[in-house]
Asks: 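My questions will all concern the structure given below.
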Amino acid sequence: MQTDISILIGGQAGQGIQTVGELLARMCQQAGLSVFAVNDFESRIRGGHSFFQLRISERRIQAPSRHIHLLVAMSGETHALHRQKLVEGGICLIDSAEDGAGEGAVAVPVTQLATEAGGKIMANTVAAGACLGLLGAPFEQFQAIITDRFSGADANVRENNLDAARAGYRAVASINFQWKPVWRDMSSEGMLMNGARALALGALAADCRIGAFYPMSPATGIMQQLSELSDTYPLVVEQAEDEIAAINMTIGAAFAGVRAMTATSGGGFCLMTEGLGLAAITETPVVIVNAQRPGPATGLPTRTAQGDLLFVINAAQDEFPRFVFAPTGMDDAYAVMIRAFDLSEKYQVPAIVMTDQYFNDSFALTDGPFDAPHGHDRYTVSDADMADPSAYKRYAFTGNGISPRALPCNGQALVCAAGNEHRQDGHISEDREDRNAMVEKRSAKLSAMQSEMRPPAAYHVDGSRTLLVSWGSTAGAVQEAVSRLRDAGEDAGCLVMADIWPFPAAAFQEVARGADTLITVEQNATAQLGRLIRQETGMPVAHSILQYDGRAFCVEDIVDQYHQLN
Amino acid sequence: MQTDISILIGGQAGQGIQTVGELLARMCQQAGLSVFAVNDFESRIRGGHSFFQLRISERRIQAPSRHIHLLVAMSGETHALHRQKLVEGGICLIDSAEDGAGEGAVAVPVTQLATEAGGKIMANTVAAGACLGLLGAPFEQFQAIITDRFSGADANVRENNLDAARAGYRAVASINFQWKPVWRDMSSEGMLMNGARALALGALAADCRIGAFYPMSPATGIMQQLSELSDTYPLVVEQAEDEIAAINMTIGAAFAGVRAMTATSGGGFCLMTEGLGLAAITETPVVIVNAQRPGPATGLPTRTAQGDLLFVINAAQDEFPRFVFAPTGMDDAYAVMIRAFDLSEKYQVPAIVMTDQYFNDSFALTDGPFDAPHGHDRYTVSDADMADPSAYKRYAFTGNGISPRALPCNGQALVCAAGNEHRQDGHISEDREDRNAMVEKRSAKLSAMQSEMRPPAAYHVDGSRTLLVSWGSTAGAVQEAVSRLRDAGEDAGCLVMADIWPFPAAAFQEVARGADTLITVEQNATAQLGRLIRQETGMPVAHSILQYDGRAFCVEDIVDQYHQLN
Amino acid sequence: MTDITDFDCDYENKWCPGCGNFNILAAMKEALAGMKLSPENVLIVSGIGQAGKTPHFLKCNFFHGLHGRALPVATGAKLANHKLTVLVSSGDGDCYGEGGNHFLAAVRRNIDITLLTHDNKVYGLTKGQSSPTSDMGFVTKMQRSGVISEPFNPLSVALSLGAGFVARGFSGEKAHLAGLIRAAVSHKGFSLVNILQPCVSFNHLNTNGWYKKRVVKVAETGHDPADWNTAMHLSREWGDRIPIGIFFQKQGPSFTDRIAHLNEGPLVERTYDSAAVQAMLNGI
Amino acid sequence: MTDITDFDCDYENKWCPGCGNFNILAAMKEALAGMKLSPENVLIVSGIGQAGKTPHFLKCNFFHGLHGRALPVATGAKLANHKLTVLVSSGDGDCYGEGGNHFLAAVRRNIDITLLTHDNKVYGLTKGQSSPTSDMGFVTKMQRSGVISEPFNPLSVALSLGAGFVARGFSGEKAHLAGLIRAAVSHKGFSLVNILQPCVSFNHLNTNGWYKKRVVKVAETGHDPADWNTAMHLSREWGDRIPIGIFFQKQGPSFTDRIAHLNEGPLVERTYDSAAVQAMLNGI
Ligand SMILES: Cc1ncc(C[n+]2csc(CCOP(=O)(O)OP(=O)(O)O)c2C)c(N)n1
Ligand SMILES: Cc1ncc(C[n+]2csc(CCOP(=O)(O)OP(=O)(O)O)c2C)c(N)n1
Ligand code: SF4
Ligand code: SF4
Ligand SMILES: [Mg+2]
Ligand SMILES: [Mg+2]
């Protein structure tokens, strides 16, 4: 049987939990294993409690599991909070310096070993060593990873960390841990990636040149990744004075001709809604990432949710076409960003990419390397394309609603854009005929936009009478839940939506036709996708599996709720 | 047969079109007639073209009609733009000084008469006199109205205006206008009212003491009316630095214990959405008026629309209960404001009142006088109500989701409110149990809130197989359209919704049950109410009668579109 | 004097050990207790950030609102009940970044509230991006080549907006800071205390030691707080010498003083008067 | 010099007869033509208000955006293509009310755009409410007992933010104003020209005549625009004597100068380089 275990490393903010988690994940990846990790932390910088939950297997995994096989408690609280998740035979390692050692937990002198290796600060490295020791990992490989990780630091730091890791590794030599994965001498095929990075790389590959943003969890990571890319690649990331500025800068940059984006979370997205409407009426292509977290208002800044679906679809006064995507995984996020930029320019409409804290901060392996597109259509025109540049009209009627888009100060053609209702030449108009024509011009794009939408991805749909339907980041958990349900004899399949709006109603109906029970799976309290399906297709949604506590669905959460329904 | 005529007075902004329209409306009201008037103007201060369209009848009217019987053209443009609306036998008066005189229009030396009476500026008063002359109104009564209107001005101005009116009156003595209403010596029962004023009076009667706002058409009128009330009544209207400040001031004021409101339009509402969520999670009662206009973005600032329905219902990240009302007429607006303040405090949730430019700027007669409520429940507690004030918890669990609300610095009980997810005592919590409990506490209010919702008002519903369904300001036009359709033998009734959210689904289904065709009537392009009905009830909406050109539905617009459907 | 411990609160503090905020918190308690205020009589409004968490750690009435929006909430509360003692705890990002527009308006209104800006020159809670007050060249994970905007100078700007009480404190000078807070709360009208505060986690430039070497108390240099010109000059000093203290003070009518209706008492105390309202309705 | 009439546009003007905006429009054309710019080379970004309508009445490329948000749009456009000549037409409400926060940020960035604020001290397009620059006591239909906030002083605030070009013009001094605009557009970095502009419809206090009697050209008084202190003092004069002209000018690196990537040319001219991107992707 294949290994499938989860390790939870917990402690206080500031203890380097995430760092050690990432080191372990990288180790697994380089040893041919599949990993999936969630990052759980509070909205504070030091203290409190945070953890990194790493699932490891020889087969591809794409979601967290509730059951823990190895619990590494850097603080007593970790043990208290999580020991009930330990499976039979699971082990809890606890720093001897912490309370709680003893109550079923195996004390390891983590802090002491760290101090011996050169400093308390390396407790996390000791813990990493201990984990790998228990898992029976080849130490040399880890050594290489540590060396690489500290390549920037001075030699002392590197050596001390190696010592710390080794000390941890050795300290558990006598403890028997019953699940040992098969460590191989070759990397897994995919890249170790978190959501924020996948999105930023997608933006890079889409030729995004300007990112304007205002820091807000859980969106900041995307912009930080983009910022890192700007060290070597000519793109500019600008921290704006507020989210209103961020969206308006993005619009200004896009108007002037570069691909531009912004990223934010709910409250910041609220502030951007007026700008969203401006992008729409001026037909300026922009990409906005809304990384969801629980609300309302400040809510739970560092936790996850899918509570903004209907808000995003209906955001801003009056009506206009927009794209809404919700990536279902790392590779999809990369691809969705490229599509979002492309489609946004192709149709001259805003595109919104909905992710969440869970997705942005989780680590998984990609299916394979990311390929840079060979080129990008930019869908613009210049004087050379025009019979008479001086007669250029930014909002010319064309039949399909898409007007040739020229760039300002790029020739004789004057580019005039207005957020007021306007004539074809961009000048304000209050005439009812102009108004009707412009509303109809903008909405004329909708049917072609809809045809760009991918149908929901279907798993075990043929013949299944019950379909789970999910959107966005929970895809991995839902798919695995379906596998488990089927293994348990349930007649269930699932549909996973990444292309949300314009809602692919016909495609949805087509693929869901055979089922008689639809159950949406959502991280919100009011089953927004369920309501949307009913609104757009008239199909009834029988149940919804919901979770709104700010924590990501584990596979078991879905399976359990499913069983409770019946 | 009863008179039912419409007068359209048009001219440039700055020519006093609205003033003269209001004078005429007042005259009719004081002479026992019913009136309904729409105000149509551009987003500019001088020039361009605006008009006031006044419908007059002996029977109660609540909507504009498309057909014009008397066209008063203060500028040539009026004639050109509107003459095709003149009914057979209708008359167009045009200022002799303007182009277009002659082409079927009767020239009256309006400007010249005004100059003779003391100044060109009184051309509008001359026009008013001429209208009344044609309508066969008793001049003395108008004299009294003018005297009253200019009571604040110096005697000269008053006299000049009287002269001007008289000159206009006389100038048309020889012209025969075939529709003369019955002028009576007594006022109509209702008050002459525009929507903005009805809303402001409702706020006054609801004991609203603070209005914070940022100017934005078409919401400004409400705040201006409230401001006028503050001349004599102790309430404070504060112009904020922006809409974000306006909503946050409103929240601060309400938190401190007064009833407070803000009013804005789409773009401003966008900026308020984050604050809306803050009101929700802090459970602070606030009332927000969103006076709709066409968008997206700046759109058509001085025109009308109903494009924000789904946005308002879903606005702000994550989920929370809110009330949404859309008044259907003057009396309803007054009553809705009182209910909005009451229910908002009763359930400690935000209440949003949706109106539009058409409603805010239209004049109609109320059904009768407005009665001040005898008192208001304020749903607060103080130390005296508590066993132990020092143990007070702002967000205490109670079963129905409503926690006793104390006011800050009003005793020993400390009032602690947070826009972060919190414990019962208002302190931040990230625990999943607290989160779940708080989400459930807030949404526990929903079922009681729903029971506060009035069912849709039903007209000719019993036995009708086709039902028009409208929401908000278009009620009068829809009802009259139904009457006309029935007169023409159509089997149609209508449902008019004022209480929108929480959607009164059961009541809706109950009342709509007998019909087999639902047709929504909406001032938007995507049939938002239709989609909402499908989402909330699963009932199919067969058609929608839509208008999105920024102009209000005339009765005939609905009737015509209805016929085109069949 | 009420006891400082009256303001103690048993909610767990969530700041980093060593953070300058602890001294600010202590100075606030000292000032409030020194003024004989007690928790029931104090309303603290805050925004989002480390500074925004302050009222959770000090017993009081509080409204912990949105990032950047504490001032309008405080203004609304003060309008509703101008008898309240209202303090605002804000961060440099909260107040001069997201909330910049409200800062301008609050000063211009001269609304009688005390604004304490915990100025650590960095976005603490979001893990160390630059803030409007970060020095030019300040490098962060996000500003990888350093900040390239002029720093926002809260004191100069407040002065140029006509502020009536402009002060700068330093968390490392707790007693001095407590005095400033007390003077600010006593001042009738808008008062700003911009508080230099080391962030041990993310600002490794403007550290406690860095400040210790530089701060100079203006009171000790004989500065006259009535002297606007000198106040403006002092506000522009930054570098080897960093002045702290009350830069400028001038009493004048506050916002709520200027609203005639409020002379008769706070709005919150007005009870609904059906007859008066009916009279208004009849008068239409 | 291109011809002034090159900037004429046949779209109907929508301002009130007699409005100060007409002279501002004329001065803009004069300045642009004088600099040999032509419509194709000019981008004007505007917000909402009477001032915001300006680019409709002047042949150019334009982006007429939201109320209060012209500056960030302009900043974005300039970042994308720093070769553009970008002007912003804004109102006193647009720029210092709704858009106050962006004004602060634009000055601090020293982004090379020219901000023309049509300062009529009133909200024109929304029919006459007070604006941030309205004088204390200014009565409107909404401010029925008069304004009770200190007026916002754009020049003092810009100076205290470290602005490199701070000027005040008056629509009634067209040639002088054209000179200011020209100097502002020529200035590398952020330039502010706050333009006193009578609103004949809603501001019956600060009329053309009122200004005529008061304006004094600082150049004629021998003011040295390098002198910050005097500039600050001049900016605070208001009443019988209202200084106009260039108060302060200091050249320094602009925002886009400080971004290394932009030295190699505007971002908009960079073409997508698949190989380079693939190399980045491979390096992850
Ligand atoms: C609308 C909005 N945007 C962004 C955020 C994210 N955010 C939380 S705190 C913070 C900055 C905190 O910096 P500062 O105000 O200086 O406070 P500090 O933490 O440094 O005390 C930001 C950007 C938010 N909560 N809301
Ligand atoms: C978000 C938003 N709020 C309010 C408005 C309404 N509005 C339009 S113009 C304006 C003020 C105009 O004043 P100013 O900027 O001084 O320009 P002016 O008309 O005086 O030239 C306002 C408040 C709007 N369009 N958008
Ligand atoms: S991050 Fe900085 S400001 Fe925040 S608590 Fe830690 S040290 Fe203090
Ligand atoms: S309202 Fe005032 S600013 Fe606007 S166009 Fe008329 S005069 Fe000019
Ligand atoms: Mg800070
Ligand atoms: Mg103005």
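Sequence lines set the chain letters: A, B, ... in the order given, protein chains first and strands last, and positions in each chain run from 1.
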Asks: If I take atom CG from residue Leu281(D) and atom CD1 from residue Ile284(D), how far apart are they, to the nearest 0.5 angstrom?
Replies: 6.5 Å
Asks: Name the region of Ile210(A), side chain, backbone, both or neither, that has any atom closer than 4.5 Å to a heavy atom of chain D.
Replies: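 When you check distances to chain D, only side chain atoms of Ile210(A) fall under 4.5 Å.
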Asks: So what's closer than 4.5 Å to chain D heavy atoms on Ala254(A): side chain, backbone, both or neither?
Replies: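 Nothing of Ala254(A), per the 4.5 Å heavy-atom cut-off to chain D.
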Asks: Pick one of side chain, backbone, both or neither for Ala212(A), based on which atoms fall under 4.5 Å of a heavy atom in chain D.
Replies: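 For Ala212(A), neither part sits under 4.5 Å from chain D.
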Asks: Under 4.5 Å from any heavy atom of chain A, what part of Ile48(D) do you find: side chain, backbone, both or neither?
Replies: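 Contact with chain A involves the side chain of Ile48(D) alone.
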Asks: Between Ala413(A), Pro408(A), Gly257(A), Ala246(A), which residue shows the highest count of heavy-atom pairs closer than 4.5 Å to chain D?
Replies: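 Max contact count across the listed options: Pro408(A).
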Asks: So which of Gly419(A), Ala418(A), Ala372(A) has the biggest tally of heavy-atom pairs under 4.5 Å with chain D?
Replies: Ala372(A)
Asks: Taking the side chain as C-beta and beyond, is there a heavy-atom pair between Gln129(D) and Val122(D) under 4.5 Å?
Replies: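 Result no, sub-4.5 Å side-chain heavy-atom pair not found.
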Asks: Could you grab the distance from atom CG of Leu125(D) to atom SG of Cys199(D), nearest 0.5 Å is fine?
Replies: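 That separation rounds to 10.5 Å.
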Asks: Against chain D, label Phe255(A) side chain, backbone, both or neither, depending on which of its atoms sit under 4.5 Å from a heavy atom there.
Replies: side chain
Asks: Quick one about Asn21(D) and His118(D) (side-chain donor to acceptor, distance below 3.5 Å, no hydrogens or angles considered), yes or no?
Replies: yes
Asks: Would you mind telling me which of Val258(A), Leu192(A), Leu414(A), Leu201(A) has the largest number of heavy-atom pairs within less than 4.5 Å of chain D?
Replies: Leu414(A)
Asks: For Ile281(A), is it the side chain, the backbone, both, or neither that has a heavy atom closer than 4.5 Å to a heavy atom of chain D?
Replies: neither
Asks: Quick one: of Ala253(A), Gly375(A), Cys409(A), who has the most non-hydrogen atom pairs under 4.5 Å with chain D?
Replies: Cys409(A)
Asks: Less than 4.5 Å apart, side chain to side chain, heavy atoms only: is that true for Val107(D) and Phe165(D)?
Replies: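 Counting from C-beta outward, Val107(D) and Phe165(D) never come under 4.5 Å.
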Asks: When heavy-atom pairs shorter than 4.5 Å are enumerated against chain A, which of Gly99(D), Cys9(D), Cys60(D) gives the highest number?
Replies: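 Ranked by heavy-atom pairs under 4.5 Å with chain A, first place is Cys60(D).
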Asks: Can you confirm whether Leu32(D) sits close enough to Lys29(D) that some side-chain heavy atom of one is under 4.5 Å from a side-chain heavy atom of the other?
Replies: no
Asks: Heavy-atom distances under 4.5 Å only: say whether Leu235(A) touches chain D with side chain, backbone, both or neither.
Replies: backbone
Asks: Quick one: does Val42(D)'s side chain get under 4.5 Å of Leu87(D)'s, heavy atoms only?
Replies: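 Answer yes - side chains close enough.
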Asks: With side chain to side chain donor-acceptor pair (under 3.5 Å) as the criterion, how do Asp3(D) and Thr5(D) come out once you've worked through the C-alpha distance, each side chain's angles and the decisive distance to 0.1 Å?
Replies: CA-CA 5 Å; Asp3(D) 200 274; Thr5(D) 57; 2.4 Å; yes
Asks: Just so I know, are the side chains of Leu262(D) and Leu267(D) near enough to count as touching, which here means a heavy-atom distance under 4.5 Å?
Replies: yes
Asks: Chain A heavy atoms under 4.5 Å from Phe57(D): which part of the residue, side chain, backbone, both or neither?
Replies: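 Contact with chain A involves no heavy atom of Phe57(D) at all.
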Asks: Could you please show the donor-acceptor pairs under 3.5 angstrom between chain D and chain A, with distances rounded to 0.1 Å?
Replies:
from: Tyr11(D); atom 1: OH; to: Ile428(A); atom 2: O; distance (Å): 2.6
from: Glu40(D); atom 1: OE1; to: Gln412(A); atom 2: NE2; distance (Å): 3.4
from: His56(D); atom 1: ND1; to: His427(A); atom 2: ND1; distance (Å): 2.8
from: Asn61(D); atom 1: OD1; to: Cys409(A); atom 2: N; distance (Å): 3.4
from: Asn61(D); atom 1: OD1; to: Val415(A); atom 2: N; distance (Å): 2.8
from: Phe62(D); atom 1: N; to: Val415(A); atom 2: O; distance (Å): 2.9
from: Phe62(D); atom 1: O; to: Ala417(A); atom 2: N; distance (Å): 2.9
from: His64(D); atom 1: N; to: Ala417(A); atom 2: O; distance (Å): 2.8
from: His64(D); atom 1: O; to: Gly419(A); atom 2: N; distance (Å): 2.8
from: Asn101(D); atom 1: ND2; to: Asp242(A); atom 2: OD2; distance (Å): 3.0
from: His102(D); atom 1: ND1; to: Glu241(A); atom 2: OE2; distance (Å): 3.0
from: Arg109(D); atom 1: NE; to: Glu238(A); atom 2: OE2; distance (Å): 2.7
from: Arg109(D); atom 1: NH1; to: Glu241(A); atom 2: OE1; distance (Å): 3.1
from: Arg109(D); atom 1: NH2; to: Glu238(A); atom 2: OE2; distance (Å): 3.2
from: Arg109(D); atom 1: NH2; to: Gln239(A); atom 2: O; distance (Å): 3.4
from: Arg109(D); atom 1: NH2; to: Glu241(A); atom 2: OE1; distance (Å): 2.9
from: His261(D); atom 1: NE2; to: Ser230(A); atom 2: O; distance (Å): 2.6
from: His261(D); atom 1: NE2; to: Tyr233(A); atom 2: O; distance (Å): 3.0
from: Thr271(D); atom 1: O; to: Arg209(A); atom 2: NH2; distance (Å): 3.4
from: Tyr272(D); atom 1: OH; to: Pro373(A); atom 2: O; distance (Å): 2.7
from: Ser274(D); atom 1: OG; to: Pro373(A); atom 2: O; distance (Å): 2.9
from: Gln278(D); atom 1: OE1; to: Ala372(A); atom 2: N; distance (Å): 2.5
from: Gln278(D); atom 1: NE2; to: Phe370(A); atom 2: O; distance (Å): 3.0

Asks: Counting heavy-atom pairs under 4.5 Å to chain A, which of Leu66(D), Leu84(D), Val268(D) comes out on top?
Replies: Leu66(D)
Asks: Does any part of the side chain of Leu115(D), heavy atoms only, come nearer than 4.5 Å to the side chain of Asn194(D), both counted from C-beta?
Replies: no
Asks: Any chance you could lay out the ring-ring contact (aromatic ring centres under 6.0 Å, His included) test for Tyr96(D) and Phe103(D), step after step, and finish with the verdict?
Replies: CA-CA 7 Å; Tyr96(D) 312 130; Phe103(D) 175 68; 5.2 Å; yes
Asks: Would you mind checking which part of Pro369(A) comes under 4.5 Å of any heavy atom in chain D, side chain (CB onward), backbone (N, CA, C, O), both or neither?
Replies: neither
Asks: Chain D: which of Ala245(A), Cys416(A), Ala260(A) shares the most heavy-atom pairs with it under 4.5 Å?
Replies: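 Of the options given, most contacts go to Cys416(A).
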Asks: Is the shortest side-chain heavy-atom distance between Leu407(A) and Val415(A) below 4.5 Å?
Replies: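 No, their side chains stay 4.5 Å or more apart.
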Asks: Can you confirm whether Met193(A) sits close enough to Leu365(A) that some side-chain heavy atom of one is under 4.5 Å from a side-chain heavy atom of the other?
Replies: no
Asks: Locate the shortest heavy-atom distance separating Leu199(A) from Met337(A); write the atom from each residue and the value.
Replies: O-CG, 3.4 Å
